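Being a predicted model, the structure only gives us computed values, none of them experimental. Values below: all heavy atoms of this structure, side chains included; hydrogens, waters and symmetry mates excluded.
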Amino acid sequence: MKALILVGGFGTRLRPLTLSVPKPLVDFANKPMILHQIEALKAIGVDEVVLAINYQPEVMLSFLKGFETKLGIKITCSQETEPMGTAGPLALARDKLIDGSGEPFFVLNSDVISEYPLKQMVDFHTKHGGEASIMVTKVDEPSKYGVVILDEETGKVERFVEKPKVFVGNKINAGIYLLNPSVLDRIELRPTSIEKEVFPKIAQEKQLYAMVLPGFWMDIGQPRDYISGLRLYLDSLRRNTSDKLATGVNIVGNVIVDSTAQIGEGCLIGPDVAIGPGCVIEAGVRLSQCTIMRGVRIKKHACVSGSIIGWHSTVGQWARVENMTILGEDVHVSDEVYSNGGVVLPHKEIKSSILKPEIVM
């Protein structure tokens, strides 16, 4: 079985982290975003993953080559020379996706994090016998999205309503699809949208079905949603594989800590914190609702909340970093400095406080 992951472009919404690596390689819960998806695909029998990409394919491939052998899965690239939207990449990768078996293939948006109930999706797809299945998720504010109207009993999709002004439903496209190879015959090799051009036509022919996603869902392509996504992901770990979570007198709520990280005395860590490999958290540090990436040092009595600390950065003693502060790679915050929502580009030293949200070049 095969899968295509829509990797896409420059990851501008997650800058400054994406100035160091392509967005799918940004760590989420201590592993690159895309690895969560590849591992889930491998677990249900996918043996080849095609990455549809138009930015830094060589960086992606050289990084993922190590995981090919580790996971026992083939990873290849289909490179766009111009942005092809969400359907064009399928046409471009057609030869890689069709192998003559007639088996359906998965398509995933690389920003989406969930429990990936892919086995249930295969069963759902086989049962309804239609041409395409999409995963939908319930949201509180459907007016910000395209809403999927479906028959609640059969899952058959009736129509799509883009950003409705009045309430028509609360289910939106979750960015996970299972498609028969015949869907590729519907897609021209040009920049085109699968959501706006391809799926509505399949729905008109009554061949499109939607499965409501169990568990959590989040598009983590921007910092606020990334931090919300971490909370949902750790909550899911608590319910399903709680042995992966850290425990101890200094841990509050759901926290994951890499086995190579060091944590000093008198710290208070959590809730909703991820601490990556090789990190050093010195004595008396307070961490909550944040991601601390590989190789970071948080010095004594510093406080970090609601923020992302990029690789190999340092937060000084008694410093306070909060309110969606994003430090790029190798940023050094001096002792006793306060950051209120600062977005700091890589390789900078911050010697004075950032009192209101701003970008530090």
Side-chain angles (χ1 to χ4, degrees), residues 14-21 25-32 223-224 226-227 230-231 234 245-361:
L14 261 189
R15 282 181 183 163
L17 302 171
T18 50
L19 295 173
S20 297
V21 295
L25 300 185
V26 170
D27 294 327
F28 176 82
N30 290 354
K31 69 175 88 158
R224 193 169 296 280
Y226 175 107
I227 287 170
L230 181 65
R231 175 178 56 79
L234 294 176
L245 294 171
T247 54
V249 289
N250 57 348
I251 303 292
V252 183
N254 300 331
V255 173
I256 51 170
V257 180
D258 187 87
S259 59
T260 60
Q262 300 171 39
I263 296 178
E265 289 182 14
C267 293
L268 191 57
I269 293 170
D272 309 321
V273 172
I275 299 175
C279 290
V280 177
I281 312 299
E282 295 184 3
V285 165
R286 176 74 179 104
L287 303 176
S288 66
Q289 296 168 325
C290 61
T291 287
I292 311 295
M293 292 186 179
R294 182 181 63 252
V296 164
R297 179 179 286 268
I298 310 288
K299 294 188 177 177
K300 291 177 184 175
H301 306 291
C303 175
V304 180
S305 67
S307 299
I308 303 171
I309 310 300
W311 310 270
H312 307 290
S313 292
T314 307
V315 175
Q317 295 185 32
W318 296 100
R320 189 166 147 207
V321 172
E322 63 185 24
N323 190 25
M324 220 56 65
T325 290
I326 316 293
L327 304 186
E329 181 182 14
D330 182 41
V331 168
H332 302 284
V333 175
S334 296
D335 294 351
E336 300 180 27
V337 161
Y338 171 55
S339 172
N340 174 21
V343 174
V344 185
L345 272 64
H347 315 298
K348 298 283 176 219
E349 189 169 355
I350 303 299
K351 293 181 176 176
S352 57
S353 291
I354 301 166
L355 300 178
K356 63 182 194 302
E358 62 175 290
I359 296 170
V360 178
M361 310 286 278

Partner set under side-chain contact (heavy atoms from CB on, under 4.5 Å) for Ala246, not counting sequence neighbours: Ile251, Val255, Val257
Set of residues satisfying side-chain contact (heavy atoms from CB on, under 4.5 Å) with respect to Leu355, sequence neighbours excluded: Tyr338, Ser353
Donor-acceptor list for residues 326-335 side chains, cut-off 3.5 Å, not counting sequence neighbours:
| residue | atom | partner | partner atom | Å |
| --- | --- | --- | --- | --- |
| Glu329 | OE1 | Ser20 | OG | 2.8 |
| Asp330 | OD1 | His332 | NE2 | 2.8 |
| Asp330 | OD2 | His347 | ND1 | 2.8 |
| His332 | ND1 | Thr314 | OG1 | 2.9 |
| Ser334 | OG | Ile350 | O | 3.1 |
| Asp335 | OD1 | Gln317 | N | 2.9 |

Working for side chain to side chain contact (heavy atoms under 4.5 Å, CB included), residues Ile298 and Val321: CA-CA 11 Å; Ile298 310 288; Val321 172; over 6 Å; no
Note, [X] side chain near [Y] side chain (heavy atom, < 4.5 Å):
X      : Y      : answer
Val285 : Val304 : no
Pro357 : Asn323 : yes
Leu14  : Pro223 : yes
Ile359 : Arg15  : no

Full working for side chain to side chain contact (heavy atoms under 4.5 Å, CB included) between Leu234 and Ile256: CA-CA 8 Å; Leu234 294 176; Ile256 51 170; 3.9 Å; yes
Expected list for residues 268-282: side-chain donor-acceptor pairs under 3.5 angstrom, two or more places apart:
| residue | atom | partner | partner atom | Å |
| --- | --- | --- | --- | --- |
| Glu282 | OE1 | Lys300 | N | 3.1 |
| Glu282 | OE2 | Arg297 | NH1 | 2.8 |

Sequence neighbours excluded, every pair satisfying salt bridge (Lys or Arg N to Asp or Glu O under 4.0 Å) that has a member inside residues 306-327: Arg320-Glu322
Of all pairs that satisfy ring pair (Phe, Tyr, Trp, His ring centres under 6.0 Å), the ones with a partner from residues 283-323, not counting sequence neighbours: His301-Trp318
Atom CD of Glu349 with >12 non-hydrogen neighbours under 6.0 angstrom: yes
Heavy-atom donor-acceptor pair, Thr325 side chain to Ser339 backbone, under 3.5 Å: yes
Side chain to side chain contact (heavy atoms under 4.5 Å, CB included) between Leu230 and Gln289, intermediate numbers included: CA-CA 8 Å; Leu230 181 65; Gln289 296 168 325; over 6 Å; no
